[in-house]
Amino acid sequence: MNRVCGGMRLSRYFLPILRETPKEAEIASHRLMLRAGMIRQEAAGIYAWLPLGFGVLKKIEQIVREEQDRAGAVELLMPTLQLADLWRESGRYDAYGPEMLRIKDRHERELLYGPTNEDMITEIFRAAIRSYRDLPKNLYHIQWKFRDEQRPRFGVMRGREFLMKDAYSFDIDEAAARLSYNKMFVAYLRTFARMGLKAIPMRAETGPIGGDLSHEFLILAETGESGVFCDERVLDLAIPSEDVNYEGDLSPIIRQWTSLYAATQDVHDQARFEHEVPPPRRLQTRGIEVGQIFYFGTKYSVPMNAVVSGPDGVERPIHGGSYGIGVSRLAGAIIEAFHDEAGIKWPEPVAPFRAMILNLKQGAADTDAACEKLYAALAAHGIDTLYHDLDERPGAKFATADLIGIPWQILVGPRSLGEGKVEVKRRTDGTRELMSPADALARLSV
RNA sequence: CGGAGUGUGGCUCAGCCUGGUAGAGCACCUCGUUCGGGACGAGGGGGUCGCAGGUUCAAAUCCUGCCACUCCGACCA
């Protein structure tokens with residue numbers, strides 16, 4: 001979707017691998033993102049996304065986009081800068097605090113770098129929609145946000161600047177709004193599952209955005225920032241399939257996922273936990289929040305006068321919800337879930353490349369020719385391939401390949417090529433198999 | 001926002017206490033030998049020691065101020 005050609009030669013790429021770990025990186029994902037040349041820190045909590053990292057970011061973003069679209073949300077793009085007046089109208093300008101970056105333009109007009117977009121989307125919505133007949137609507141965008149965190153840390157997991165998908169639903173009343181909420185709930189289950197993650201929806205506090213119904217989606221990881229308590233059976237619940245009917249009744253799915261105990265430490269109820277979950281199924285661990293959904297009712301529509309006419313001709317404020325996914329955070333969270341001592345182990349759907357060719361004897365006529373042929377064939381089959389064509393020793397190439405975590409490694413060296421074969425290695429489990437280049441191509445074409 | 005630290009070639013760090021010609025490993029360049037799990041030898045290039053003042057014949061080193069960044073805790077996609 002994003003890379004036009006099907007391949008890349010390492011000699012032309014930009015992959016600044018670090019052999020040693022920069023001292024500031026404490027957790028695995030941060031360490032590996034720096035070492036694998038995915039990101040470079042420019043300031044506290046602010047990162048440049050280097051080509052490999054950017055490739056992953058685009059893969060994640062695209063999965064999020066596809067599942068939002070499938071659930072009926074409509075993409076648009078709002079600016080990063082917003083007028084302070086808009087936030088004064090909703091009453092949030094003074095309430096938001098120092099987390100919000102406030103700036104002035106040359107006319108001394110007050111602006112802010114958006115930490116979220118409820119106010120702006122409400123303004124956009126109210127300017128265009130007058131009737132309940134135009135509802136429901138769900139609008140989303142994928143845009144950079146800035147929150148001036150007191151303490152940014154863990155690399156992109158908690159940056160000040162971060163890429164977020166935020167969706168906003170508009171409905172005529174609470175009952176309708178809950179249907180919109182349920183759609184996003186199901187879309188989130190599918191989104192995270194497609195990235196290979198087990199994200200568990202947990203009852204959550206609503207925080208400064210407000211409202212009275214909210215779930216956080218967390219993936220379990222020891223390095224997570226939130227303590228979580230849940231019934232371990234939630235780990236085995238089925239993910240709604242691709243052909244789930246979003247216009248149908250989603251409540252059975254919601255009920256299934258919300259009836260088992262699952263809560264973050266903020267709202268945890270130990271007595272209830274012990275009452276509802278027998279000891280062998282009690283899971284107490286930590287998690288990384290990768291998404292959150294809210295129903296907040298008329299919190300913004302009332303102060304901002306976002307109203308529509310109902311069937312009775314009477315105007316009423318719309319009922320809203322907002323739905324966030326931390327796209328850039330997910331890049332780190334996925335690494336937390338999938339790595340080993342040697343490096344990253346990308347799940348295929350988010351891998352920056354699907355395959356990597358390692359020419360173990362660069363400059364030798366037979367290996368060079370075999371690699372070129374294979375590289376062209378993979379590209380012809382639309383398989384994103386990184387060809388390691390640098391004049392490095394095999395050991396260095398193995399280390400690089402394991403570090404950057406491309407799912408399939410194809411080792412082309414004199415030893416196996418003597419039998420007319422190449423070696424296909426899976427990064428996830430380290431298994432390797434000798435096969436002809438044609439069979440390797442067939443294996444990857446699945 | 002409380003607490004604790006760190007700023008020295010691209011990276012990891014030594015040197016600072018006790019002031020006196022800026023160092024090591026990795027990376028980089030050249031040549032040669034190597035080549036299936038981060039090779040070896042020889043030669044070479046690269047640093048206003050975070051910034052600004054001060055003390056001193058002399059400051060990476062001592063003093064003052066500032067800035068940046070990191071880590072531990074309370075808060076958030």
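By convention in this document, chain letters (A, B, ...) are assigned in the order of the sequence lines, proteins followed by strands, and residues within each chain are numbered from 1.
Among the protein residues, A:Gly395 comes within range of the sugar-phosphate backbone only, with heavy atoms under 4.0 Å from sugar or phosphate atoms but none that close to a base. Residue contacts for A:Asp402: at a heavy-atom cut-off of 4.0 Å it reaches a base atom on one of the strands shown. Among the protein residues, A:Ile325 comes within range of the sugar-phosphate backbone only, with heavy atoms under 4.0 Å from sugar or phosphate atoms but none that close to a base. Residue-level contact check: A:Gln150 touches the bases, meaning some heavy atom is under 4.0 Å from a base atom. Counting any heavy atom pair closer than 4.0 Å across all strands shown, A:Ser416 reaches a base atom.
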For nucleotides 23-25 of chain B, tabulate all protein N/O to nucleotide N/O atom pairs closer than 3.5 Å, reporting atom names and distance.
| unit_1 | atom_1 | unit_2 | atom_2 | d |
| --- | --- | --- | --- | --- |
| B:rG25 | N2 | A:Glu20 | OE2 | 2.8 |

Between N or O atoms, less than 3.5 Å apart, protein on one side and nucleotides 27-31 of chain B on the other: list the pairs.
| unit_1 | atom_1 | unit_2 | atom_2 | d |
| --- | --- | --- | --- | --- |
| B:rA27 | OP1 | A:Arg19 | NH1 | 3.3 |

Might you list the N or O atoms of the protein lying below 3.5 Å from N or O atoms in nucleotides 67-70 of chain B, with each pair's distance?
| unit_1 | atom_1 | unit_2 | atom_2 | d |
| --- | --- | --- | --- | --- |
| B:rC69 | OP1 | A:Ala44 | N | 2.9 |
| B:rC69 | O3' | A:Gln41 | NE2 | 3.1 |
| B:rU70 | OP1 | A:Gln41 | NE2 | 2.9 |
| B:rU70 | O3' | A:Glu24 | O | 3.4 |

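On a pure distance criterion of 3.5 Å, a polar donor-acceptor pair joins the side chain of A:Arg158 and the base of B:rC75. Below the 3.5 angstrom threshold, one finds no donor paired with an acceptor across the side chain of A:Arg35 and the base of B:rG10.
Taking the charged nitrogens against the carboxylate oxygens, A:Glu336 and A:Arg286 have no contact shorter than 4.0 Å, which rules out a salt bridge.
In this structure the side chain of A:Ile63 never reaches within 4.5 angstrom of the side chain of A:Lys59, judged on heavy atoms.
Every side-chain hydrogen bond (donor to acceptor under 3.5 Å, both in side chains) that A:Arg65 has, sequence neighbours left out, goes to A:Glu61, A:Gln62, A:Glu75. Taking A:Asp231 as the reference, A:Arg233, A:Leu260, A:Val277, A:Arg281 meet the side chain to side chain contact (heavy atoms under 4.5 Å, CB included) condition, with sequence neighbours excluded. Every salt bridge (charged side-chain N to carboxylate O under 4.0 Å, His left out) that A:Lys145 has, sequence neighbours left out, goes to A:Asp166. Remark: A:Glu99 engages no residue in a side-chain hydrogen bond (donor to acceptor under 3.5 Å, both in side chains) (not counting sequence neighbours). In this structure, the side chain to side chain contact (heavy atoms under 4.5 Å, CB included) partners of A:Glu123, at least two apart in sequence or on a different chain, are A:Leu86, A:Arg126, A:Met304.
Two rings, from A:Tyr13 and A:Phe353, have their centers less than 6.0 Å apart.
Screening residues 179-192 of chain A for salt bridge (Lys or Arg N to Asp or Glu O under 4.0 Å) gives A:Glu67-A:Arg190, A:Lys183-A:Glu247 as the qualifying pairs, with residues at least two apart or on separate chains. Within the structure, salt bridge (Lys or Arg N to Asp or Glu O under 4.0 Å) pairs that include any residue of residues 348-362 of chain A comprise A:Glu348-A:Arg354 (at least two apart or interchain). The salt bridge (Lys or Arg N to Asp or Glu O under 4.0 Å) contacts involving residues 25-52 of chain A comprise nothing, where partners must be two or more places apart or lie in separate chains.
What you find for A:Gly363 and A:Asp368 is that their closest heavy atoms are N-OD1, 3.0 Å.
Proximity of A:Arg393 to the phosphate of B:rA39: a side-chain N or O atom is located under 4.0 Å from OP1 or OP2.
Residues of residues 417-442 of chain A having a heavy atom closer than 4.0 Å to RNA chain B, listed by number: A:Glu423, A:Lys425, A:Arg432.
For the pair A:Arg427 and A:Trp408, the NZ or CZ position fails the cation-pi test of under 6.0 Å to the six-membered ring centre and within 45 degrees of the ring normal.
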